[in-house]
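All ligand and atom numbering here is 1-based and tracks the order in the structure. For this chain, numbers begin at 1 and follow the sequence in order.
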Amino acid sequence: MAGFAGRLARCWYSGFLRSPLQVPALGLHVGGPAMQTSQKDFNNAVSQLKLLKEDPGNEVKLKLYALYKQATEGPCNVPKPGMLDFINKTKWDAWNALGSLSKEAARQNYVDLVSKLSASSESPSPEAPAADRKQPESDSLVVTSGDGITTIRLNRPTKKNALTTQMYHDIIAALQAASKDESPITVLTGSGDYFCSGNDLTNFTSLPAGGPEEMARSSAVLLRDFVNCFIDFPKPLVAVVNGPAVGISVTILGLFDVVYATDRATFHTPFSHLGQSPEGCSSYTFPKIMGSSKAAEMLLFGKKLTAQEACAQGLVTEVFPDSTFQKEVWARLKAYSKLPPNAMRISKQIIRDREKEKLHAVNAEESNVLRERWLSDECMNAIASFLSRKSKL
Ligand SMILES: CCCCC/C=C/C(=O)SCCNC(=O)CCNC(=O)[C@H](O)C(C)(C)COP(=O)(O)OP(=O)(O)OC[C@H]1O[C@@H](n2cnc3c(N)ncnc32)[C@H](O)[C@@H]1OP(=O)(O)O
């Protein structure tokens, strides 16, 4: 089985966390007389699922997992996995949340869900990709160009723009394309009330076949590649920080040329709380920008800075009142984008180039250290605790 079908078969039962309370809220059948799904329809749906062209996402996969178990084995009566076994606990929660739903109703719901997924996977994509730019793989990133500015927008507002693995890949591709496009200026910003809540902590719950070591290894490679793109970006790179920023969305700011923030923004790197360590070259850029003791307070103790504090410490260029933030910032950037582009590139080069080698070395070292950290009990416990906080909501 290649592509999605193969991945589906492999990670189906590796599961994903979702509030059990949300499973019945999906409009699923809970019983009643209209149960006519045969075993054959159910078997067909199981086969049909393997032919889906698009990954339906972890939440849907978890729903399907729970319905499959209920349809084939009935109500969950296996022991609850331990607290730290959060993947199996998540699956158990989802299955257990189906309570006494009958096998027939579960079969019906499973068939209905697969049929809905098959229909949407066959419908044509509503937007044709722009001829000159490969569009991101997911809707969670939107890239647009106009007025001399290429804007890369994190677009997952319901999750505070937390970065999924796919988004890291899409941002890398977007930066590579932007480095060669016509726009003199490139901007990173977010949709909704957050700039970004950092790494999506559920990224760590979809274990690959090689287990946690493989997950840590591939995440370290992805992190290094992601940060390298910011180090090497050749044009003026501006962060338009539209709200609070957490984790990696804060650390990479040290690699931007200009950072504009709304006065609602905060800056927070809770690495120790998460059993993790600094990335984004912040172990080098933050002490240089704000001095070693202010950097330590952020990177070791997770001190949250207001926008004004971040500006006073040199991480933010300028703070704007939230009510006029968008208007003022975009008007200013539009004016800057009319400056001679080659002069801006060359000026950036002369400011940044002598640091590049050092930054690449720091990035490689931080990624290696994090690879170890992700396998530590401290880190696993912290992630389990964030995820179980969710399951109680
Ligand atoms: C390649 C790998 C690189 C790895 C290196 C990166 C490291 C980091 O970035 S470390 C930082 C990781 N981020 C966090 O620890 C933040 C975790 N999130 C929170 O603490 C809070 O969600 C919040 C303070 C950001 C917002 O709190 P609140 O206003 O109360 O909103 P909710 O918690 O209800 O969030 C809404 C919704 O979004 C989900 N969510 C938010 N952030 C994340 C996240 N980082 N990962 C996964 N999910 C996140 C949250 O769970 C809620 O979801 P639902 O419950 O489904 O509505």
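- Comparing heavy-atom distances from atom 14 (C) of ligand 1 across S367, C196, S197 singles out S197 as nearest.
- Atom numbering of ligand 1 starts at 1 in the shown order; those under 4.0 Å from a heavy atom of A162 are 43 (C), 44 (C), 45 (N), 46 (N).
- One option in K159, H169, E279, H268 has a heavy atom closer to atom 53 (O) of ligand 1 than any other, and that option is K159.
- Cluster annotation: V369 is not connected to M215 through the hydrophobic network of ILVMFWY side chains, with a link wherever side-chain heavy atoms come within less than 4.5 Å.
- Looking at ligand 1, you won't find any N or O of L370 less than 3.5 Å from one of its N or O atoms.
- Inclusion of I248 in the set of residues having an N or O under 3.5 Å from an N or O of ligand 1 is warranted.
- With a 4.0 Å heavy-atom cut-off, ligand 1 is reached by the backbone of T158 but not by any atom from C-beta on.
- In this structure, K116 does not pair ionically with D112, as no charged nitrogen and carboxylate oxygen lie closer than 4.0 Å.
- Between D181 and K235 there is a salt bridge, since a side-chain N of the basic residue sits under 4.0 Å from a carboxylate O of the acidic one.
- Heavy-atom contacts of G247 reach the following atoms of ligand 1: 8 (C), 9 (O), 11 (C) (cutoff under 4.0 Å).
- The closest side-chain donor-acceptor pair between N228 and N363 falls under 3.5 angstrom.
- Counted by atom type alone, T164 and D200 present zero donor-acceptor pairs between their side chains at under 3.5 Å.
- Proximity of F386 to ligand 1, defined as any heavy-atom pair under 4.0 Å, is confined to the side chain (atoms from C-beta onward).
- Sorted by first and then second residue, the ring-ring contact (aromatic ring centres under 6.0 Å, His included) pairs involving residues 155-200 (not counting sequence neighbours) are Y168-F226.
- Between W374 and ligand 1 there is a heavy-atom distance shorter than 4.0 Å.
- Every atom of ligand 1 is numbered from 1 in the order shown, and the set under 4.0 Å from a heavy atom of S219 is 1 (C).
- Heavy atoms of T269 come nearer than 4.0 angstrom to ligand 1 in no pair at all.
- For Y194, the heavy-atom gap to ligand 1 drops under 4.0 angstrom.
- Interface of G198 with ligand 1, defined as ligand atoms under 4.0 Å from a residue heavy atom, comprises 9 (O).
- K103 pairs by the side chain to side chain contact (heavy atoms under 4.5 Å, CB included) definition with nothing, not counting sequence neighbours.
- Taking a cutoff of 4.0 Å between a charged side-chain nitrogen and a carboxylate oxygen, E355 and K288 qualify as a salt bridge.
- For the pair T202 and ligand 1, the shortest N or O to N or O distance does not fall below 3.5 Å.
- For F230 and F256, the distance between ring centers is under 6.0 angstrom.
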